[in-house]
Amino acid sequence: MDRLTALVQDKNNPTVVGLDPRPELLPSQLIEQARQRAARSMAQMGLDPKDLQQTQGEQAQAVWADHLARAYLRFNLAILEGVADLVPAVKPQIAMYEALGPWGIRAYTGTCRAAADRGLYVIGDVKRGDIGSTAEAYAAHLDGLPLPFTPGQTIDGPAHSGGRFPWYEDALTINVYLGSDGVEPFLQAAEHIQGDLFALVRTSNPSGSQIQELGLDTASGGGTIYQRLGDLVESWGQSSIGESGYSRLGAVVGATHPEDGALLRQAMPHTFFLVPGYGAQGGSAADVVPMFDQSCGGAVVNSSRGIIAAWRKDPDYSPRLSVQAALGMVTRDARQAAQAMKDDLNQAIKEAR
Ligand SMILES: O=C(O)c1cc(=O)[nH]c(=O)n1[C@@H]1O[C@H](COP(=O)(O)O)[C@@H](O)[C@H]1O
């Protein structure tokens, strides 16, 4: 977590902007423009643009997914323009993009690349996890595609280009339910690119408690499942502790569980926390304070809707604005929201110390 720690310190800001686009979070004129462009594409392909309105037929759906994905990328670029110099990191959530098929994936990788080009640390929120051999393939998100030229050809060691192509992520969120053999390939890939991972430990959603708060008997060490997971994550990270004092294996700890976060902070001194749930899910700056260490480091806090949808609360917004003007508002309001979050977090941390 050395690079992330350095970026947080440089910008004096532990804020992560979640890039989670959805049609209703985009200004309507951007959607309308995508619709018009899709209709033109349909006409050029000799198809009836009316099919688009009812999204009838595979081709119409493909054309629409393509143009909506392009609108997502434009929207994200507007957000990045507003926040890139202010925040250390972004976290695109891949499900929003995967919903648009291959065109969405192109918007996802385009977003990650644009963020990386602006010097931001990119957390790919992919929440992967599987048996070891499959986890190796998922881990290619970090260390690049091992592309054999001949089917069946094996590639020894880091013979492939390695690194950021084609995903451009610095870190991934992972699900560690499958145990250490599902984590090891991710750790190796992270080591290869000097990147990081964030394992789900205590999630922000209410029903996470159905599993994570289950108690363990004393023979199994006592405590709860999330505490045991925390211990395991701390121990799996031991061999990758960097100069910052934190390992490459971080933990996701929801802002909606401040008491649990405080317990985990104590039990996991070498584990960096990614804290989602601030803002739209009700977590406050006071709630996230216990997730930070004594030096006010060791954690970053994510907000997605609170920043990317800030334009929706702007009294000057009107659907009659041009696309350019609406995107300008997206940029400005995202920046204001990110600045307000930075101030809110830093003030709460300062007051608590
Ligand atoms: O791994 C995550 O990022 C995550 C874990 C968790 O426990 N809770 C959680 O909300 N998230 C993600 O954090 C983001 C929260 O979005 P907002 O509620 O809009 O700020 C979404 O991308 C979620 O998928």
Side-chain angles (χ1 to χ4, degrees), residues 4 14-26 72 75-76 79 83 87-99 104 107-108 111-112 115 121-129 138 141 169-177 183 186 196-213 225-226 229-230 233 249-261 264 271-285 287-288 291 299-313 330 333-334 337-338 340-342 344-345:
L4 179 57
T15 301
V16 176
V17 175
L19 296 172
D20 303 1
R22 277 184 280 149
E24 63 273 26
L25 300 186
L26 270 59
Y72 279 10
F75 177 71
N76 287 346
I79 305 279
V83 304
V87 303
V90 292
K91 183 178 75 67
Q93 208 320 314
I94 202 167
M96 307 303 173
Y97 304 85
E98 280 178 348
Y108 176 84
T111 297
C112 292
Y121 178 95
V122 180
I123 304 171
D125 189 0
V126 299
K127 295 196 180 69
R128 301 299 150 102
Y138 278 138
H141 262 268
E169 296 144 326
D170 296 292
L172 300 178
T173 55
I174 59 169
N175 193 329
V176 295
Y177 192 74
V183 174
F186 287 106
D196 303 301
L197 304 161
F198 292 95
L200 296 176
V201 169
R202 184 71 179 107
T203 62
S204 63
N205 57 318
S207 58
S209 303
Q210 291 171 344
I211 297 165
Q212 295 156 22
E213 276 185 8
I225 297 232
Y226 80 81
L229 261 181
V233 165
L249 183 58
V252 175
V253 180
T256 46
H257 303 295
E259 291 89 10
D260 303 347
L264 290 171
T271 306
F272 200 99
F273 289 176
L274 168 63
V275 185
Y278 171 93
Q281 293 177 50
S284 68
D287 291 333
V288 306
M291 323 294 186
V300 285
V301 182
N302 178 83
S303 174
S304 304
R305 285 165 290 182
I307 292 175
I308 69 171
W311 66 270
R312 295 211 297 186
K313 293 187 182 152
V330 166
D333 292 344
M341 180 168 166
K342 170 185 176 180
D344 189 29
L345 294 177

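Atoms considered below: every heavy atom in the structure, side chains included; atoms not considered: hydrogens, waters and symmetry mates. We count ligands from 1, going down the list as the structure has it; atoms in each ligand are counted the same way.
Proximity of a side-chain donor or acceptor of Ser304 to a complementary backbone N or O of Leu19 within less than 3.5 Å is not detected. With Gln281 contributing its side chain and Pro276 its backbone, the two residues share no donor-acceptor pair below 3.5 Å. Within the 3.5 Å criterion, the main-chain N or O of Thr256 finds no donor-acceptor partner in the side chain of Ser204.
Contact analysis leaves Asn205 out of contact with ligand 1, as no non-hydrogen atom separation drops below 4.0 angstrom. Within the 4.0 Å heavy-atom cutoff, Gly18 does not count among the residues contacting ligand 1. The shell of residues lying under 4.0 angstrom from ligand 1, judged by heavy atoms, includes Lys91.
Counting heavy atoms closer than 4.0 Å to ligand 1, residue Ser304 contributes atoms from both its backbone and its side chain. The proximity of Thr203 to ligand 1, defined as any non-hydrogen pair under 4.0 Å, involves the side chain as well as the backbone. The backbone and the side chain of Arg305 each have at least one atom closer than 4.0 Å to an atom of ligand 1 (non-hydrogen atoms only).
Ligand 1 has no N or O atom lying under 3.5 Å from any N or O atom of Thr173, backbone or side chain. In terms of N/O distances under 3.5 Å, ligand 1 is approached by Asp125. The N/O atoms of Gln281, backbone and side chain alike, include one that comes under 3.5 Å of an N/O atom in ligand 1.
Qualifying side-chain contact (heavy atoms from CB on, under 4.5 Å) partners for Ala309, counting only residues two or more places apart in sequence or in other chains: Leu25, Arg312.
The shortest heavy-atom contact between Ala255 and Asp287 is O-CB, 3.4 Å.
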